[in-house]
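All residue numbers refer to positions in the sequence shown, counting from 1.
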Amino acid sequence: MRFHSTNKHSKGFSFSQAILAGLAPDGGLFMPDRWPSLPKRFFLDLKESTFADSAFSIAKHFVPQISDRDLRRLTKDAFNFPVPLVPLGDGVFLLELFHGPTMAFKDFGARFLSRISSFFLRQSKKKMTIIVATSGDTGSAVASGFFKVPHVRIFILYPSGKVSPLQEKQLTTYGGNITAIEVKGTFDDCQKLAKQALADRELVEALNLSSANSINFGRLLPQSFYYFWAWKQLQEKGIYKDPVFVVPSGNFGNGFAGLMAKRMGLPVSKFVFATNANAIVPSYLKTGKFLAQKSKNTISNAMDVGNPSNFARILALYDGKRVKMKEDIWSESVSDGVTKKTIRRVFEEYGYTLDPHTAVGVAAAWRFRKETKNENPIVVLSTAHPAKFREVVEPVIGKKITLPLQLRAPMKKKKHSHLIPASYGILKKFLLTHED
(Lines give C-alpha, C1' and ligand atoms only; values in the text may rest on other atoms or scores of the structure.)
Protein backbone atom coordinates (compact mmCIF):
# COMPACT_ATOMS: atom_id res chain seq x y z
CA MET A 1 0.00 0.00 0.00
CA ARG A 2 1.49 3.34 -1.12
CA PHE A 3 0.19 6.86 -0.67
CA HIS A 4 0.08 10.00 -2.83
CA SER A 5 -0.96 13.61 -2.31
CA THR A 6 -4.29 15.13 -3.35
CA ASN A 7 -2.14 17.82 -5.01
CA LYS A 8 -0.60 15.02 -7.14
CA HIS A 9 3.01 16.22 -6.84
CA SER A 10 4.06 13.91 -3.98
CA LYS A 11 3.71 10.12 -4.27
CA GLY A 12 5.23 6.79 -3.33
CA PHE A 13 4.90 7.13 0.47
CA SER A 14 4.47 4.20 2.84
CA PHE A 15 1.80 4.22 5.55
CA SER A 16 4.37 5.04 8.25
CA GLN A 17 5.78 7.92 6.20
CA ALA A 18 2.28 9.28 5.55
CA ILE A 19 1.13 9.29 9.16
CA LEU A 20 4.40 10.55 10.64
CA ALA A 21 4.46 13.41 8.11
CA GLY A 22 0.75 14.18 8.47
CA LEU A 23 0.71 16.52 5.47
CA ALA A 24 2.31 15.74 2.11
CA PRO A 25 5.42 17.77 1.12
CA ASP A 26 3.42 19.56 -1.59
CA GLY A 27 0.82 20.69 0.97
CA GLY A 28 -1.79 18.13 -0.09
CA LEU A 29 -3.49 15.38 1.90
CA PHE A 30 -2.36 11.78 1.71
CA MET A 31 -4.56 9.27 -0.14
CA PRO A 32 -3.93 5.54 -0.75
CA ASP A 33 -3.11 4.59 -4.32
CA ARG A 34 -5.81 1.95 -4.22
CA TRP A 35 -8.65 0.79 -1.99
CA PRO A 36 -8.54 -2.78 -0.70
CA SER A 37 -11.64 -4.86 -1.39
CA LEU A 38 -12.51 -6.73 1.79
CA PRO A 39 -13.26 -10.41 1.08
CA LYS A 40 -16.60 -12.09 1.78
CA ARG A 41 -14.83 -13.98 4.57
CA PHE A 42 -14.38 -10.67 6.45
CA PHE A 43 -18.13 -10.03 6.54
CA LEU A 44 -18.85 -13.63 7.58
CA ASP A 45 -16.23 -13.48 10.35
CA LEU A 46 -17.59 -10.13 11.51
CA LYS A 47 -20.52 -11.96 13.11
CA GLU A 48 -18.19 -13.57 15.65
CA SER A 49 -15.60 -10.77 15.92
CA THR A 50 -14.92 -8.20 18.59
CA PHE A 51 -14.55 -4.58 17.51
CA ALA A 52 -10.77 -4.85 17.94
CA ASP A 53 -10.71 -8.02 15.81
CA SER A 54 -12.55 -6.34 12.97
CA ALA A 55 -10.36 -3.24 13.27
CA PHE A 56 -7.27 -5.43 12.90
CA SER A 57 -8.71 -7.20 9.85
CA ILE A 58 -9.24 -3.86 8.08
CA ALA A 59 -6.07 -2.11 9.26
CA LYS A 60 -3.73 -4.89 8.10
CA HIS A 61 -4.56 -4.03 4.47
CA PHE A 62 -3.05 -0.57 5.01
CA VAL A 63 -0.19 -1.33 7.43
CA PRO A 64 1.96 -4.15 6.07
CA GLN A 65 5.00 -2.80 7.98
CA ILE A 66 3.61 -4.05 11.30
CA SER A 67 3.37 -7.74 12.12
CA ASP A 68 -0.07 -9.25 12.70
CA ARG A 69 0.85 -9.90 16.32
CA ASP A 70 1.83 -6.28 17.01
CA LEU A 71 -1.09 -4.83 15.06
CA ARG A 72 -3.56 -7.00 16.98
CA ARG A 73 -2.04 -5.76 20.23
CA LEU A 74 -2.32 -2.13 19.10
CA THR A 75 -5.96 -2.37 18.04
CA LYS A 76 -6.91 -4.26 21.21
CA ASP A 77 -5.31 -1.54 23.34
CA ALA A 78 -6.81 1.35 21.34
CA PHE A 79 -10.40 0.08 21.19
CA ASN A 80 -11.21 -1.14 24.68
CA PHE A 81 -14.68 0.42 25.02
CA PRO A 82 -18.15 -0.50 23.68
CA VAL A 83 -19.72 0.83 20.44
CA PRO A 84 -23.47 0.15 20.83
CA LEU A 85 -26.17 0.68 18.21
CA VAL A 86 -29.26 2.07 19.96
CA PRO A 87 -32.73 2.11 18.34
CA LEU A 88 -34.39 5.52 18.47
CA GLY A 89 -37.63 4.80 16.59
CA ASP A 90 -39.16 4.63 13.10
CA GLY A 91 -36.15 2.83 11.66
CA VAL A 92 -33.61 5.35 13.00
CA PHE A 93 -30.67 4.12 15.08
CA LEU A 94 -27.92 5.92 16.98
CA LEU A 95 -24.38 4.54 16.84
CA GLU A 96 -22.99 5.71 20.18
CA LEU A 97 -19.36 6.66 19.59
CA PHE A 98 -18.83 8.40 22.92
CA HIS A 99 -17.88 5.61 25.30
CA GLY A 100 -14.12 6.26 25.13
CA PRO A 101 -12.08 8.19 27.72
CA THR A 102 -13.03 11.71 26.50
CA MET A 103 -16.59 10.71 25.54
CA ALA A 104 -16.40 11.77 21.89
CA PHE A 105 -15.88 9.88 18.63
CA LYS A 106 -12.45 11.46 18.25
CA ASP A 107 -11.13 8.87 20.73
CA PHE A 108 -11.11 6.25 17.97
CA GLY A 109 -8.72 8.18 15.74
CA ALA A 110 -6.56 9.67 18.50
CA ARG A 111 -5.97 6.40 20.35
CA PHE A 112 -5.12 4.47 17.19
CA LEU A 113 -2.84 7.22 15.86
CA SER A 114 -0.99 7.63 19.16
CA ARG A 115 -0.22 3.95 19.48
CA ILE A 116 0.79 3.37 15.90
CA SER A 117 2.93 6.55 15.82
CA SER A 118 4.70 5.51 19.00
CA PHE A 119 5.38 2.09 17.46
CA PHE A 120 7.03 3.61 14.38
CA LEU A 121 8.97 6.18 16.45
CA ARG A 122 10.41 3.46 18.68
CA GLN A 123 11.60 1.63 15.60
CA SER A 124 13.27 4.72 14.13
CA LYS A 125 14.52 5.98 17.53
CA LYS A 126 13.22 9.47 16.69
CA LYS A 127 11.19 12.10 18.52
CA MET A 128 8.24 13.96 17.05
CA THR A 129 6.25 17.12 17.66
CA ILE A 130 2.56 17.14 16.78
CA ILE A 131 0.46 20.24 16.19
CA VAL A 132 -3.31 19.94 16.18
CA ALA A 133 -6.12 22.48 15.69
CA THR A 134 -9.40 21.81 17.48
CA SER A 135 -12.93 23.16 17.48
CA GLY A 136 -13.63 21.16 20.61
CA ASP A 137 -13.38 17.39 20.88
CA THR A 138 -10.28 16.70 18.77
CA GLY A 139 -8.03 18.49 21.25
CA SER A 140 -9.19 16.55 24.29
CA ALA A 141 -9.04 13.22 22.43
CA VAL A 142 -5.52 13.91 21.17
CA ALA A 143 -4.41 15.07 24.63
CA SER A 144 -5.82 11.91 26.21
CA GLY A 145 -4.52 9.60 23.50
CA PHE A 146 -0.97 10.99 23.47
CA PHE A 147 -0.52 11.88 27.16
CA LYS A 148 2.79 10.46 28.38
CA VAL A 149 3.35 8.68 25.06
CA PRO A 150 7.16 8.46 24.72
CA HIS A 151 8.99 10.51 22.08
CA VAL A 152 6.01 12.79 21.31
CA ARG A 153 5.23 16.43 22.19
CA ILE A 154 1.74 17.80 21.51
CA PHE A 155 0.70 21.42 20.83
CA ILE A 156 -3.07 21.99 20.72
CA LEU A 157 -4.44 25.16 19.09
CA TYR A 158 -7.99 26.07 20.10
CA PRO A 159 -10.13 29.20 19.56
CA SER A 160 -10.44 31.33 22.69
CA GLY A 161 -14.00 31.45 24.03
CA LYS A 162 -15.37 29.17 21.30
CA VAL A 163 -15.24 25.74 22.92
CA SER A 164 -17.45 24.58 25.78
CA PRO A 165 -16.11 25.02 29.34
CA LEU A 166 -15.84 21.24 29.74
CA GLN A 167 -14.04 20.83 26.42
CA GLU A 168 -11.58 23.54 27.44
CA LYS A 169 -10.89 21.83 30.76
CA GLN A 170 -10.35 18.52 28.98
CA LEU A 171 -7.64 19.87 26.70
CA THR A 172 -5.87 22.33 29.03
CA THR A 173 -5.35 20.29 32.21
CA TYR A 174 -2.90 17.54 31.20
CA GLY A 175 0.50 19.24 31.30
CA GLY A 176 3.60 17.12 30.70
CA ASN A 177 4.02 16.55 26.98
CA ILE A 178 0.68 18.31 26.22
CA THR A 179 0.69 22.11 25.67
CA ALA A 180 -2.54 24.05 25.01
CA ILE A 181 -2.34 27.23 22.92
CA GLU A 182 -5.40 29.49 23.13
CA VAL A 183 -5.74 31.49 19.89
CA LYS A 184 -7.56 34.81 19.66
CA GLY A 185 -9.69 33.84 16.65
CA THR A 186 -11.83 31.09 15.15
CA PHE A 187 -11.20 27.42 14.50
CA ASP A 188 -10.41 28.32 10.91
CA ASP A 189 -7.63 30.59 12.21
CA CYS A 190 -6.28 27.69 14.28
CA GLN A 191 -6.46 25.34 11.31
CA LYS A 192 -4.72 27.87 9.08
CA LEU A 193 -1.90 28.31 11.61
CA ALA A 194 -1.45 24.53 11.90
CA LYS A 195 -1.29 24.17 8.11
CA GLN A 196 1.22 27.02 7.86
CA ALA A 197 3.40 25.30 10.44
CA LEU A 198 3.22 21.98 8.61
CA ALA A 199 4.13 23.67 5.31
CA ASP A 200 7.14 25.45 6.87
CA ARG A 201 10.05 23.18 5.95
CA GLU A 202 12.42 24.89 8.42
CA LEU A 203 10.01 24.26 11.30
CA VAL A 204 9.13 20.74 10.17
CA GLU A 205 12.79 19.76 10.06
CA ALA A 206 13.68 21.47 13.34
CA LEU A 207 10.87 19.80 15.31
CA ASN A 208 10.09 16.72 13.20
CA LEU A 209 6.61 18.24 13.03
CA SER A 210 3.43 16.34 12.15
CA SER A 211 -0.33 16.60 12.66
CA ALA A 212 -3.01 14.70 14.56
CA ASN A 213 -5.91 16.50 12.89
CA SER A 214 -8.10 14.60 10.48
CA ILE A 215 -5.76 15.79 7.73
CA ASN A 216 -3.63 12.87 9.02
CA PHE A 217 -4.76 9.66 7.33
CA GLY A 218 -3.90 7.76 10.51
CA ARG A 219 -6.78 9.57 12.20
CA LEU A 220 -9.27 8.70 9.47
CA LEU A 221 -8.57 5.01 8.95
CA PRO A 222 -9.86 3.95 12.41
CA GLN A 223 -12.99 6.04 11.92
CA SER A 224 -13.94 3.76 9.03
CA PHE A 225 -13.99 0.77 11.39
CA TYR A 226 -17.22 1.64 13.19
CA TYR A 227 -19.27 1.84 9.99
CA PHE A 228 -18.72 -1.90 9.60
CA TRP A 229 -19.61 -2.41 13.26
CA ALA A 230 -22.93 -0.61 12.78
CA TRP A 231 -23.71 -2.86 9.79
CA LYS A 232 -22.92 -5.95 11.88
CA GLN A 233 -25.32 -4.85 14.62
CA LEU A 234 -28.12 -4.18 12.13
CA GLN A 235 -27.62 -7.72 10.80
CA GLU A 236 -27.88 -9.07 14.36
CA LYS A 237 -31.21 -7.26 14.69
CA GLY A 238 -32.47 -8.97 11.55
CA ILE A 239 -32.25 -5.81 9.44
CA TYR A 240 -30.67 -6.60 6.08
CA LYS A 241 -31.41 -3.58 3.91
CA ASP A 242 -28.41 -1.38 3.09
CA PRO A 243 -28.25 1.39 5.71
CA VAL A 244 -28.28 5.14 5.27
CA PHE A 245 -25.48 6.69 7.35
CA VAL A 246 -26.07 10.19 8.70
CA VAL A 247 -22.85 11.94 9.64
CA PRO A 248 -22.74 15.21 11.63
CA SER A 249 -20.02 17.03 9.70
CA GLY A 250 -17.56 19.87 10.27
CA ASN A 251 -14.17 19.11 8.75
CA PHE A 252 -15.67 16.08 6.92
CA GLY A 253 -13.12 13.54 8.14
CA ASN A 254 -15.87 11.33 9.56
CA GLY A 255 -17.81 11.52 6.30
CA PHE A 256 -14.74 10.63 4.27
CA ALA A 257 -14.12 7.65 6.58
CA GLY A 258 -17.60 6.39 5.71
CA LEU A 259 -16.89 6.76 2.00
CA MET A 260 -13.69 4.77 2.58
CA ALA A 261 -15.73 1.98 4.17
CA LYS A 262 -17.99 1.86 1.13
CA ARG A 263 -15.00 1.72 -1.22
CA MET A 264 -13.76 -1.27 0.79
CA GLY A 265 -17.04 -3.12 0.24
CA LEU A 266 -19.47 -2.01 2.95
CA PRO A 267 -23.06 -2.05 1.62
CA VAL A 268 -24.45 1.50 1.97
CA SER A 269 -27.64 2.99 0.54
CA LYS A 270 -26.68 6.67 1.01
CA PHE A 271 -24.62 9.05 3.11
CA VAL A 272 -26.25 12.12 4.61
CA PHE A 273 -23.67 14.73 5.56
CA ALA A 274 -25.37 16.98 8.11
CA THR A 275 -23.92 20.42 8.85
CA ASN A 276 -24.94 23.33 11.05
CA ALA A 277 -25.09 26.90 9.67
CA ASN A 278 -21.63 26.35 8.14
CA ALA A 279 -23.24 24.98 4.98
CA ILE A 280 -20.31 25.02 2.56
CA VAL A 281 -20.70 21.41 1.38
CA PRO A 282 -24.52 21.37 1.11
CA SER A 283 -24.20 24.52 -0.96
CA TYR A 284 -21.54 22.95 -3.19
CA LEU A 285 -23.67 19.87 -3.87
CA LYS A 286 -26.59 22.10 -4.85
CA THR A 287 -24.71 24.74 -6.88
CA GLY A 288 -21.33 23.28 -7.83
CA LYS A 289 -19.56 26.22 -6.17
CA PHE A 290 -17.25 25.61 -3.19
CA LEU A 291 -17.18 28.91 -1.33
CA ALA A 292 -15.04 28.77 1.80
CA GLN A 293 -16.04 31.41 4.33
CA LYS A 294 -15.38 32.57 7.85
CA SER A 295 -16.88 30.02 10.22
CA LYS A 296 -20.13 30.87 12.00
CA ASN A 297 -20.56 30.24 15.71
CA THR A 298 -23.28 27.72 16.56
CA ILE A 299 -24.38 25.57 19.49
CA SER A 300 -22.81 22.57 17.74
CA ASN A 301 -19.41 24.22 18.00
CA ALA A 302 -17.24 21.22 17.06
CA MET A 303 -18.73 21.52 13.56
CA ASP A 304 -18.05 25.26 13.18
CA VAL A 305 -15.78 24.95 10.15
CA GLY A 306 -15.89 27.37 7.23
CA ASN A 307 -13.26 25.67 5.06
CA PRO A 308 -13.40 21.90 5.63
CA SER A 309 -10.01 20.34 4.91
CA ASN A 310 -11.16 16.83 4.11
CA PHE A 311 -13.40 17.95 1.29
CA ALA A 312 -10.23 17.85 -0.82
CA ARG A 313 -10.12 14.10 -0.20
CA ILE A 314 -13.78 13.71 -1.13
CA LEU A 315 -13.21 15.62 -4.36
CA ALA A 316 -10.22 13.41 -5.14
CA LEU A 317 -12.26 10.28 -4.42
CA TYR A 318 -14.78 11.28 -7.09
CA ASP A 319 -12.25 12.82 -9.50
CA GLY A 320 -13.95 16.18 -8.95
CA LYS A 321 -17.22 14.95 -10.48
CA ARG A 322 -20.11 16.40 -8.50
CA VAL A 323 -22.70 14.29 -10.32
CA LYS A 324 -21.00 11.07 -9.17
CA MET A 325 -20.62 12.48 -5.68
CA LYS A 326 -24.36 13.18 -5.44
CA GLU A 327 -25.12 9.54 -6.22
CA ASP A 328 -23.64 8.66 -2.82
CA ILE A 329 -24.08 11.84 -0.80
CA TRP A 330 -27.06 13.95 0.29
CA SER A 331 -26.18 16.96 2.44
CA GLU A 332 -28.29 19.29 4.53
CA SER A 333 -27.77 22.30 6.81
CA VAL A 334 -29.59 22.46 10.15
CA SER A 335 -30.13 25.69 12.10
CA ASP A 336 -29.61 26.14 15.83
CA GLY A 337 -33.36 26.55 16.28
CA VAL A 338 -34.09 23.20 14.63
CA THR A 339 -31.25 21.61 16.60
CA LYS A 340 -32.85 22.66 19.88
CA LYS A 341 -36.30 21.51 18.74
CA THR A 342 -34.81 18.14 17.84
CA ILE A 343 -33.16 17.76 21.25
CA ARG A 344 -36.48 18.58 22.94
CA ARG A 345 -38.56 16.29 20.69
CA VAL A 346 -36.26 13.29 21.10
CA PHE A 347 -36.18 13.77 24.87
CA GLU A 348 -39.96 14.08 25.14
CA GLU A 349 -40.89 11.30 22.69
CA TYR A 350 -38.11 8.78 23.28
CA GLY A 351 -36.62 9.69 26.66
CA TYR A 352 -33.19 10.00 25.05
CA THR A 353 -30.84 12.96 25.49
CA LEU A 354 -28.92 14.13 22.43
CA ASP A 355 -25.87 16.35 22.29
CA PRO A 356 -26.21 19.26 19.79
CA HIS A 357 -24.05 17.60 17.11
CA THR A 358 -26.00 14.34 17.12
CA ALA A 359 -29.20 16.42 17.12
CA VAL A 360 -28.06 18.01 13.85
CA GLY A 361 -27.72 14.49 12.49
CA VAL A 362 -31.16 13.35 13.69
CA ALA A 363 -32.82 16.47 12.25
CA ALA A 364 -31.13 15.82 8.90
CA ALA A 365 -32.17 12.15 9.04
CA TRP A 366 -35.82 13.07 9.49
CA ARG A 367 -35.62 15.61 6.68
CA PHE A 368 -33.91 13.09 4.39
CA ARG A 369 -36.60 10.48 5.07
CA LYS A 370 -39.39 12.99 4.39
CA GLU A 371 -37.92 14.43 1.19
CA THR A 372 -36.56 11.25 -0.44
CA LYS A 373 -39.05 8.63 0.83
CA ASN A 374 -36.05 6.32 1.38
CA GLU A 375 -37.27 3.55 3.73
CA ASN A 376 -33.90 1.93 4.45
CA PRO A 377 -32.65 1.85 8.06
CA ILE A 378 -30.93 5.06 9.10
CA VAL A 379 -27.85 5.06 11.34
CA VAL A 380 -26.97 8.44 12.84
CA LEU A 381 -23.42 8.69 14.17
CA SER A 382 -23.80 9.93 17.74
CA THR A 383 -20.58 11.83 18.17
CA ALA A 384 -20.45 13.04 21.79
CA HIS A 385 -22.02 12.56 25.20
CA PRO A 386 -24.63 15.27 25.97
CA ALA A 387 -22.95 16.05 29.31
CA LYS A 388 -20.14 17.73 27.36
CA PHE A 389 -22.66 20.38 26.29
CA ARG A 390 -24.74 20.83 29.42
CA GLU A 391 -24.95 24.60 28.92
CA VAL A 392 -26.88 24.02 25.69
CA VAL A 393 -28.84 20.87 26.46
CA GLU A 394 -30.09 21.39 30.02
CA PRO A 395 -32.20 24.52 29.30
CA VAL A 396 -33.79 22.73 26.33
CA ILE A 397 -34.83 19.56 28.18
CA GLY A 398 -35.45 21.29 31.52
CA LYS A 399 -33.36 18.77 33.41
CA LYS A 400 -29.88 18.54 34.88
CA ILE A 401 -27.46 16.12 33.21
CA THR A 402 -25.25 14.08 35.52
CA LEU A 403 -21.57 14.22 34.63
CA PRO A 404 -20.12 10.75 33.93
CA LEU A 405 -16.97 9.79 35.81
CA GLN A 406 -14.76 10.44 32.76
CA LEU A 407 -15.83 14.07 32.69
CA ARG A 408 -15.73 14.92 36.39
CA ALA A 409 -11.97 14.76 36.89
CA PRO A 410 -10.98 17.55 34.43
CA MET A 411 -13.47 19.99 35.97
CA LYS A 412 -11.56 19.84 39.25
CA LYS A 413 -8.23 20.69 37.65
CA LYS A 414 -6.64 24.05 36.86
CA LYS A 415 -6.55 25.32 33.28
CA HIS A 416 -3.10 25.88 31.76
CA SER A 417 -2.93 27.55 28.35
CA HIS A 418 -0.84 30.08 26.44
CA LEU A 419 -2.87 32.91 24.88
CA ILE A 420 -1.59 34.19 21.52
CA PRO A 421 -2.98 36.23 18.61
CA ALA A 422 -3.71 34.49 15.30
CA SER A 423 -0.19 35.27 14.07
CA TYR A 424 2.00 32.64 12.45
CA GLY A 425 5.20 34.49 13.35
CA ILE A 426 4.30 34.44 17.04
CA LEU A 427 3.24 30.79 16.89
CA LYS A 428 6.47 29.74 15.17
CA LYS A 429 8.61 31.51 17.77
CA PHE A 430 6.59 29.86 20.55
CA LEU A 431 7.00 26.37 19.07
CA LEU A 432 10.76 26.79 18.61
CA THR A 433 11.41 28.14 22.13
CA HIS A 434 8.89 26.32 24.27
CA GLU A 435 10.16 23.62 26.61
CA ASP A 436 8.12 20.99 28.44
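Salt bridge Asp68/Lys60: absent, no basic N to carboxylate O contact under 4.0 Å. We find that Lys428 and Asp200 are joined by a salt bridge, their nearest charged nitrogen and carboxylate oxygen being less than 4.0 Å apart. Look at Lys415 and Glu182 and you find a salt bridge, because one of the NZ, NE, NH1 or NH2 atoms lies within 4.0 Å of a carboxylate O, short of that distance.
No side-chain donor from either of Thr275 and Asn278 sits under 3.5 Å from a side-chain acceptor of the other. Judged by distance alone, the side chains of Lys195 and Ser309 do bring a donor and an acceptor atom under 3.5 Å apart. A donor-acceptor contact closer than 3.5 angstrom links the side chains of Asn251 and Gln191. Looking only at atom types and distance, the side chain of Ser10 has no donor-acceptor partner in the side chain of Ser5 under 3.5 Å away. Looking only at atom types and distance, the side chain of Gln223 has no donor-acceptor partner in the side chain of Lys106 under 3.5 Å away. Remark: the Thr358 side chain and the Asp355 side chain contain an N/O donor-acceptor pair separated by less than 3.5 Å. Residues Asn276 and Thr298 have side chains that bring a donor and an acceptor to within less than 3.5 angstrom of each other.
In this structure, the separation between CD1 on Ile299 and CG on Asp336 is 4.5 Å, given to the nearest 0.5 Å. We find the CD-CG distance between Gln406 and Asp107 to be 9.0 Å, quoted to the nearest 0.5 Å. The distance from atom OG of Ser49 to atom NZ of Lys232, rounded to the nearest 0.5 Å, is 6.0 Å. Leu20 contributes atom CG, which lies 6.0 Å from atom OG of Ser16 (distance to the nearest 0.5 angstrom).
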(message) Determine whether Thr186 and Asp304 satisfy the following criterion, side chain to side chain contact (heavy atoms under 4.5 Å, CB included), listing intermediate values before the conclusion.
(response) CA-CA 9 Å; Thr186 65; Asp304 291 350; over 6 Å; no
(request) Under the side chain to side chain contact (heavy atoms under 4.5 Å, CB included) rule, what do Leu431 and Ile131 come out as? Steps first, then yes or no, please. (result) CA-CA 9 Å; Leu431 296 176; Ile131 188 167; 4.1 Å; yes
(message) Run the ring-ring contact (aromatic ring centres under 6.0 Å, His included) test on Phe228 and Phe42 for me, step by step, so that the C-alpha distance in whole Å, both residues' side-chain angles and the decisive distance to 0.1 Å come before the verdict.
(response) CA-CA 10 Å; Phe228 294 93; Phe42 167 80; 5.5 Å; yes
(message) Between Ser118 and Val152, does the side chain to side chain contact (heavy atoms under 4.5 Å, CB included) criterion hold? Intermediate values first, please.
(response) CA-CA 8 Å; Ser118 181; Val152 183; 5.6 Å; no
(message) Determine whether Phe43 and Trp231 satisfy the following criterion, ring-ring contact (aromatic ring centres under 6.0 Å, His included), listing intermediate values before the conclusion.
(response) CA-CA 10 Å; Phe43 291 94; Trp231 179 86; 5.4 Å; yes
(message) Determine whether Phe311 and Phe290 satisfy the following criterion, ring-ring contact (aromatic ring centres under 6.0 Å, His included), listing intermediate values before the conclusion.
(response) CA-CA 10 Å; Phe311 193 66; Phe290 184 85; 5.0 Å; yes
(request) For side chain to side chain contact (heavy atoms under 4.5 Å, CB included), just list the numbers for Asn310 and Leu29, CA-CA rounded to whole Å, side-chain angles, deciding distance to a tenth of an Å, and then say yes or no. (result) CA-CA 8 Å; Asn310 280 293; Leu29 306 183; 4.2 Å; yes
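Taking all atoms of both residues into account, the shortest heavy-atom contact from Thr134 to Thr138 is OG1-N, 3.4 Å. Of all non-hydrogen atoms in Met103 and Leu407, the two that sit nearest each other are SD-CG, 3.8 Å.
The environment of Lys286 atom NZ is dense: over 12 non-hydrogen atoms of other residues, nucleotides or ligands sit within 6.0 angstrom. More than 12 non-hydrogen atoms from other residues, nucleotides or ligands lie less than 6.0 angstrom from CZ of Arg201. Heavy atoms of other residues, nucleotides or ligands lying less than 6.0 angstrom from CD of Glu371 number more than 12. When the shell of 6.0 Å around NZ of Lys262 is examined, it contains more than 12 heavy atoms from other residues, nucleotides or ligands. Within 6.0 Å of atom NZ in Lys237, more than 12 heavy atoms from other residues, nucleotides or ligands are found, so the atom counts as buried in its surroundings. Within a 6.0 Å radius of NZ in Lys192, other residues, nucleotides and ligands contribute 12 heavy atoms or fewer.
Classification of the Phe245-Phe271 ring pair by plane angle, with boundaries at 30° and 60°, yields parallel. Using cut-offs of 30° and 60° on the angle between ring planes, the pair His434 and Phe430 is parallel. Taking the six-membered ring where the residue is Trp, His357 and Phe389 present tilted rings, their angle falling between 30° and 60°. Between Trp35 and Phe217, the two ring planes are tilted [angle within 30° to 60°].
Checking side-chain atoms of Ser57 against main-chain N and O of Asp53 turns up a donor-acceptor pair under 3.5 Å.
Residue Phe51 is tested with Tyr227, Phe56, Phe108, Phe81 for a ring pair (Phe, Tyr, Trp, His ring centres under 6.0 Å); the sole match is Phe108.
Stacking of Arg111 on the aromatic ring of Phe147 is not recorded, the 6.0 Å distance cut-off and the 45° axial limit not both being met.
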